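Values in this document were obtained by computation on a predicted structure and should not be read as measured data. Naming convention: chains lettered A, B, ... in sequence-line order (proteins, then strands); numbering from 1 in each chain. Hydrogens, waters and symmetry mates play no part in the numbers below; they use all other heavy atoms, side chains included.
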Amino acid sequence: MLTHWSRTLIRTARHVPAEAEVPSHQLMLRAGLIRKLGSGVYSYLPLGLRSLQKVSAIIRDEMNKAGAIEILMPTLQPMELWEKTGRREAYGDNLFVVKDRHGRTQALGPTHEEIVCDLVGGYLESYRDLPVTLYQIQTKFRDEYRPRFGVLRSREFQMKDAYSFHMDLDSLTETYDRQYQAYCNIFKRCGLPFEIVEAEAGPIGGSASHEFMVPSPTGEDLILKSDKGNYAANVEKCEIAPRPRNPEDINADPTGKLEKVHTPDCPGIEDVCKFFKKNLGSKLKTANMLKTLVCQSDDGQWVIGIVRGNHDLNEGKLRNASGNTQLALADETEARKAGFAIGFVGPQVAVGRDDVQLIVDADAAVGNFWVTGSNEVDHHVKHFNWKRDVLDHDVKVQVADIRNAMAGDLSPQNDGGILEETKGIEIGHVFKLGDKYTKSLNIEALTKDNQRVNPLMGCYGIGVNRIIASAIEQESGHDEQGIIWPKAIAPYTILITPIKYTGRVAEVCDQIAADLDALGIDILLDDRDERPGVKFKDADLIGIPWRITVGDKGLEQGHVELKARDGSIDDKVALDQIVTAITSAIGLRA
RNA sequence: CGGGGCGUAGCUCAGCUUGGUAGAGCACCUGUUUUGGGAACAGGAAGUCGCAUGUUCAAAUCAUGUCGCCCCGACCA
């Protein structure tokens, strides 16, 4: 396809709205790929849309090869389905909710497990109908708490989601593996470096799950990798090798008399340490504090997680350890009402109350010099001791792994590997869901021996716009001048830049464009009446992989110039050789 | 949801403290000269100063409210 620059909508900009913080967001705005309409809501302009379409085409190709069937499901979804699966609650405020004129509540779909179950359930009769894998590429909605980084975290976005149905686990595993492989193919074809990590299934629910991540400092996911190269996981999921621990440690003797310290306006771990240093001249380390976090399950049960001051609570781990299916940090006001001096809570708060469950991380359940909250505003205690201050008061303490893994921890492979931290952008996620949805929505199929069973499900998502943003975000995806597109997903493959689009130069440009067009190559021809410098700057900014420059000087000597945006080619090419040069650069058979 | 900041031309921002003619750069239009890495000159078009109410002879400017946008925020930095 041939597009004339002057006839399409490409508006480049030197300045960027101040709100764009990360390279991909800035460049997508500057190069005229997107335009913001509202918080986390973007229009796609021609260049951006063409990239999206190229990515979508790759996804479709690989999905079809993997045996998935394309459909299109509604965005507007009846709320009853979400209530049946319990996900209205689980998704919480992230679910976009709208009311129709009759006052009925509907959801704008952030994902389609409920809908695809309803769809498949309507037709599914027996094991002969399975397995089946359905997919769609469609706009999804999430009422993000904080939309950010342009298209990386937006409220409206394109997603490829696929769902598979199976009679047994072997079949599910087979499809899961096929999708997993298809994902590898897709991201590779899109020119993205990616890593695969073990993941927590999140509000989708289910068992096995992997995330596909593009390593990037902009990423909002923290990944831990073993330095032995045999384990990688999202911090939400990452386990830690059993920490050497003597169960007697929690019964260790006190380090001193329990002493109350006045710590005005110091609700934070760091605040307390600074206060100790400044006002008491003692070098209190965060590792010597106990962090006491008040959580509440959906049925109102108080669960208190305790980790060391330099560790972070992992809510998922705490939820599992507590035996709840839902658990979140407690609402501050409610917690205060229930007698928790938020900011100054310590484990002793459980003494004398039978409505709290105390769960302590292995690293915190030891004898040590501890400073922790005194359960009284503006006060902490030092020389806290588990035995004297908690256990001897008949309080039950459960010890578990409830903290986030961090760099330096031992790999759960237990082979001496040390975990390292990196950040990543999540571009794909595959799950084995099991029968969570088919059960709650009562989807059944008959087995060979005439038994009714709930089929097993898998689900497989890809963030289409995130692929584009992370392609630009990656190190080789941009430089000072602008975008450097991976070949396969660039809006155009070739940019033809005439120094001046008139006379013989224009004729040559048109001829080259026609020749390449005939080969099925997509071309952008910069026919604008602009100075050469402007065209070159814009060319670098929008990052088309190959640029053919045609000018009078070159033509006098019978050549044009071929330049690759990534710097790999910068040649003068004889006019009659340019088509061959291009096809060989692209890897096409001429 | 809490805290902070910002809404003035398509974009970046000044003007607001101390109320009195609406400003600059980039972009845009016309003309002339230019033309191989974001040209120069001359002229021009473009803003109900987010919206509402109030104070005032007079409001972009002060007050209140409201909407939008951005950043930060949970014993997390």
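Looking at heavy-atom distances under 4.0 Å, A:E21 makes contact with sugar-phosphate atoms alone, never a base. Residue contacts shown for A:T292 include a base, since a base heavy atom lies under 4.0 Å away. Among the heavy atoms of the strands lying under 4.0 Å from A:R547 is at least one base atom, whether or not backbone atoms are also near. Contacts of A:L293 with the nucleic acid, taken as non-hydrogen atoms under 4.0 Å apart, involve only primed sugar atoms and P, OP1 or OP2. Residue contacts for A:Y145: at a heavy-atom cut-off of 4.0 Å it reaches a base atom on one of the strands shown. Among the protein residues, A:G373 comes within range of no part of the nucleic acid, since none of its heavy atoms lies under 4.0 Å from any strand. Across all strands, A:V272 comes closer than 4.0 Å to no nucleic acid atom at all (heavy-atom distances). Nucleic acid contact class of A:D271 (heavy atoms, under 4.0 Å, all strands): none. Among the heavy atoms of the strands lying under 4.0 Å from A:R11 are primed sugar atoms or P, OP1, OP2 only; no base atom is included. Across all strands, A:R148 comes closer than 4.0 Å only to sugar-phosphate atoms, never to a base (heavy-atom distances).
Candidate nucleotides B:C71, B:G38, B:C69 were compared by shortest atom distance to the side chain of A:D538, and B:G38 ranks first.
A gap of 16 Å separates the C1' atoms of B:A40 and B:C26, to the nearest Å. Going from the P atom of B:A59 to that of B:C49 covers 11 Å, rounded to whole Å. Across B:U18 and B:U64, the matching P atoms stand 15 Å from one another, rounded to whole Å. Atom C1' of B:U34 sits at a distance of 42 Å from the matching atom of B:C70, rounded to the whole Å. Comparing the C1' positions of B:G37 and B:C41 gives an interatomic distance of 22 Å, to the nearest angstrom. Spacing between B:U56 and B:G20 at atom C1', rounded to whole Å, works out to 12 Å. B:G43 and B:C62: their C1' atoms are spaced 40 Å apart (whole Å). Between B:C28 and B:G38, the two C1' atoms lie 16 Å apart (nearest whole Å).
Between the side chain of A:E530 and the base of B:G38 there is no donor-acceptor pair of N/O atoms closer than 3.5 Å. In this model, a side-chain donor or acceptor of A:R531 finds a partner on the base of B:U34 within 3.5 Å.
Proximity of the aromatic rings of A:F340 and A:W302 is defined here by a centroid distance below 6.0 angstrom, and this criterion is met. Two rings, from A:H379 and A:F344, have their centers 6.0 Å or more apart.
As a whole-Å value, the separation of A:K535 NZ from B:G37 P is 13 Å. The distance between atom CG of A:D529 and atom P of B:U34, rounded to the nearest whole Å, is 15 Å. A straight line from NE2 of A:H15 to C1' of B:A24 spans 11 Å, rounded to a whole angstrom.
Heavy-atom nearest nucleotides on RNA chain B were determined for A:R30 and for A:E19, and the one closer to the 5' end corresponds to A:R30. The residue among A:I342 and A:I499 whose nearest nucleotide of RNA chain B is located toward the 5' end is A:I499.
More than 12 heavy atoms of other shown residues, nucleotides or ligands fall within 6.0 angstrom of atom CD in A:E220. A 6.0 Å sphere centred on CZ of A:R11 holds no more than 12 heavy atoms belonging to other residues, nucleotides or ligands.
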Step-by-step side-chain contact (heavy atoms from CB on, under 4.5 Å) determination, A:K535 to A:W5 | CA-CA 11 Å; A:K535 297 189 194 181; A:W5 190 309; over 6 Å; no
Verdict with reasoning, A:D361 to A:R243, per salt bridge (charged side-chain N to carboxylate O under 4.0 Å, His left out) = CA-CA 10 Å; A:D361 184 70; A:R243 287 159 262 173; 2.7 Å; yes
